[in-house]
> 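Questions regarding the structure given below will be posed in turn.
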Amino acid sequence: MSQTVHRLHSYLRSAGACLVSSPRPPPRRLVCIATVSDRNQSNVLLWKGRVSQHKLSVAAKASSSAPQAETERFSETSLEKEVLKALSQIIDPDFGTDIVSCGFVKDLVIEEALGEVSFRLELTTPACPVKDMFEKQANEGVAVLPWVKKVNVTMSAQPAKPIFAGQLPPGLSRISSIVAVSSCKGGVGKSTVAVNLAYTLAGMGARVGIFDADVYGPSLPTMVNPESRVLEMDPEKKTIIPTEYLGVKLVSFGFAGQGRAIMRGPMVSGVINQLLTTTEWGELDYLVIDMPPGTGDIQLTLCQVAPLTAAVIVTTPQKLAFIDVAKGVRMFSKLKVPCVAVVENMCHFDADGKRYYPFGKGSGSQVVQQFGIPHLFDLPIRPTLSASGDSGVPEVVSDPLSEVARTFQDLGVCVVQQCAKIRQQVSTAVTYDKYLKAIRVKVPNSDEEFLLHPATVRRNDRSAQSVDEWTGEQKIQFGDVAEDIEPEEIRPMGNYAVSITWPDGFSQIAPYDQLETIERLVDVPPLSPVEV
């Protein structure tokens with residue numbers, strides 16, 4: 001063990017000396033292409049975007065004429081349609097769309113002779129707060145069909161994957177959502193919120209990790225009590241193996257066996273980069289980053305290295321806290337990281353039947369109103385919350401039925417729902433409509449949808465390959481781009497841009513801000529019935 005720790009120390013020192021230099025496709029219209037096989041065998045229905053097995057047990061008949069085959073085909077598709085129609089009555093409250101259009105229904109199998117229907121609902125996250133409601137409604141909705149005698153519903157979640165098209169470090173390549181918990185001011189309870197939020201998400205069924213990004217004053221070793229309190233390193237892969245406590249993966253500089261860091265900013269940025277990106281996080285639904293105070297080099301490094309999905313802002317009622325928090329919100333806004341919730345800590349306490357506000361009121365509400373952050377959560381002053389942080393057992397674990405735990409449960413539901421919305425918006429923000437031969441754009445958090453000509457988008461590339469960085473002269477000419485050019489692939493890059501791959505192999509980074517300024521297509525002719 002000592003040799004492993006020594007190697008880790010050497011690795012971090014060398015890292016500190018260095019300066020840090022697909023989504024699920026949108027739901028497609030289901031087009032049934034059915035073929036009739038031997039009547040004693042299972043037929044397979046091929047759907048555009050989905051393959052669904054439809055097992056039919058039909059008594060053998062003497063004749064197998066074409067009209068009978070057509071009757072069997074009609075019966076087959078009508079049963080599928082009945083089930084899907086019943087399931088389409090279930091609306092996802094976050095997306096505002098039915099679960100069939102969302103693509104949640106998988107592996108639909110019908111045993112007609114037995115009246116048995118089986119299918120799987122694949123949700124966006126295992127921590128989905130409405131998964132029990134979906135399961136109940138799916139059971140009840142299909143069971144009312146007159147020919148159905150038994151319904152088998154299996155619940156699952158999509159594999160963890162980031163909403164990012166670029167080359168991610170291997171350690172971050174299997175993380176669905178990265179949530180930053182930030183305050184930009186020390187002493188407001190940011191680490192308490194980060195740790196309790198992480199364990200709340202884990203209690204909801206998600207795979208979770210915590211990254212303590214405060215090298216100067218790491219809090220994680222005090223707030224949790226893992227059996228192994230020293231990070232280990234894989235000498236062959238040169239990767240860091242996180243420690244664990246109650247199923248949550250943990251990484252902190254405090255677990256590196258060196259205590260608090262005494263080093264300059266560039267070295268700290270290098271250490272944070274290495275700790276975050278070379279850790280073997282594995283598959284995670286959520287990685288919660290406990291951000292250090294401030295808006296300097298370290299914070300910018302984290303925001304640029306990790307494709308942050310969303311941020312949670314922590315503040316206290318004082319005006320002084322609001323001033324610093326406002327700086328952090330503006331930083332996230334500039335980096336295109338949506339702030340989804342504000343937690344106002346140490347708001348009040350109850351005594352003698354009255355509620356007291358020792359630090360005043362209004363900081364959290366002011367952040368919400370001024371910056372349009374949709375959700376506000378209040379945390380009271382509770383001795384147990386402070387004591388749990390010192391004991392190494394988070395409050396939501398030691399007392400899951402407390403008022404504080406209920407507040408964190410609401411915060412967890414909010415984070416899950418908002419991350420799912422962000423991922424959905426980003427994954428469908430820019431798509432190619434092959435029928436209109438146009439790029440369809442709907443920027444996240446905007447109700448406006450517009451169309452762009454692919455050739456126009458390609459000609460407006462502002463990278464060094466298309467524009468001279470010194471003179472600003474356009475290197476790519478109008479005639480260099482074919483008028484009928486079509487993109488081969490469009491993939492999101494975090495919350496701010498998409499990567500468009502063209503037939504010549506060129507990969508164009510197109511920020512949403514730029515796409516909104518490009519000349520748009522107007523008076524697009526409607527599709528004919530044949531084209532539809």
Side-chain angles (χ1 to χ4, degrees), residues 163 177-198 211-214 219 272 286-347 359-379 407-408 410-419 421-423 425-426 443-446 494-497 511-513:
I163 46 172
S177 300
I178 302 179
V179 181
V181 178
S182 175
S183 67
C184 298
K185 182 174 182 62
V188 299
K190 168 180 52 60
S191 296
T192 299
V193 171
V195 170
N196 282 276
L197 171 61
F211 178 64
D212 183 359
D214 194 346
S219 303
I272 288 177
Y286 303 95
L287 175 61
V288 178
I289 298 183
D290 182 5
M291 299 281 286
T295 55
D297 182 63
I298 298 172
Q299 290 75 18
L300 293 175
T301 296
L302 278 168
C303 292
Q304 291 168 351
V305 169
L308 299 181
T309 308
V312 173
I313 305 299
V314 183
T315 185
T316 52
Q318 299 98 319
K319 181 179 180 181
L320 188 60
F322 167 77
I323 294 173
D324 288 336
V325 164
K327 297 177 184 177
V329 175
R330 293 189 184 98
M331 177 189 72
F332 285 121
S333 176
K334 190 173 183 65
L335 296 170
K336 305 299 182 184
V337 178
C339 297
V340 297
V342 174
V343 178
E344 189 172 22
N345 194 19
M346 298 180 281
C347 286
F359 304 118
K361 299 180 182 179
S363 174
S365 300
Q366 193 173 354
V367 174
V368 169
Q369 293 170 5
Q370 182 167 331
F371 297 103
I373 301 175
H375 301 94
L376 174 64
F377 300 90
D378 296 338
L379 282 177
T407 300
F408 276 111
D410 294 339
L411 175 61
V413 170
C414 170
V415 168
V416 168
Q417 291 175 333
Q418 293 300 313
C419 285
K421 284 183 180 179
I422 291 169
R423 290 176 60 85
Q425 289 174 348
V426 169
V443 175
N445 299 319
S446 172
N495 300 318
Y496 72 97
Y512 297 144
D513 293 345

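All figures in this text were calculated on a predicted structure; none of them were measured in a lab. The residues of the chain are indexed from 1 along the displayed sequence.
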> For Thr309 and Ser177, which heavy atoms make the closest approach, and how far apart are they?
OG1-CA, 3.3 Å

> Measuring from atom CD of Gln370 to atom CZ of Arg330, what distance do you get when rounded to the nearest 0.5 angstrom?
6.0 Å

> What's the spacing between Leu197 CG and Thr407 OG1 if we round to 0.5 Å?
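Reported to 0.5 Å precision, the distance equals 12.5 Å.
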
> Not counting sequence neighbours, which residues clear side-chain hydrogen bond (donor to acceptor under 3.5 Å, both in side chains) with Thr316? List them please.
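Partners of Thr316 under the side-chain hydrogen bond (donor to acceptor under 3.5 Å, both in side chains) test: Gln318.
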
> Decide side-chain contact (heavy atoms from CB on, under 4.5 Å) for Phe332 and Ser182; before the verdict, give the C-alpha distance in whole Å, the side-chain angles of both, and the deciding distance to 0.1 Å.
CA-CA 10 Å; Phe332 285 121; Ser182 175; 3.6 Å; yes

> List the atom of Val340, the atom of Ile373, and the distance in Å for their closest heavy-atom pair.
C-CG2, 3.8 Å

> Give the minimum heavy-atom separation between Thr192 and Phe408, together with the two atoms involved.
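So the two residues come closest at O-CZ, 4.2 Å.
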
> Shortest non-hydrogen contact from Pro317 to Cys347?
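Scanning both residues completely, I find the closest heavy atoms to be CG-CA, 4.0 Å.
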
> Test side-chain contact (heavy atoms from CB on, under 4.5 Å) on Phe211 and Ile272 and set out the steps.
CA-CA 10 Å; Phe211 178 64; Ile272 288 177; 4.0 Å; yes

> Could you check Val181, Val193, Val415, Asn196 and say which one makes a side-chain contact (heavy atoms from CB on, under 4.5 Å) with Val288?
Val181

> So which heavy atom on Asp212 is nearest to which on Ser219, and how close?
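Heavy atoms only, the tightest pair is OD2-N, 2.9 Å.
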
> Side chains of Cys414 and Phe377: closer than 4.5 Å at any heavy-atom pair?
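Yes, close enough: below the 4.5 Å cut-off.
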
> Less than 4.5 Å apart, any side-chain heavy atom of Val443 and any of Asp513?
no

> Quick check: closest heavy atoms across Ser183 and Val325, and the distance to 0.1 Å?
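Residues Ser183 and Val325, closest heavy atoms: O-CG2, 3.4 Å.
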
> When rounded to the nearest 0.5 angstrom, what is the spacing between CE in Met291 and CD1 in Ile313?
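If we round to the nearest 0.5 Å, Met291:CE and Ile313:CD1 are 9.0 Å apart.
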
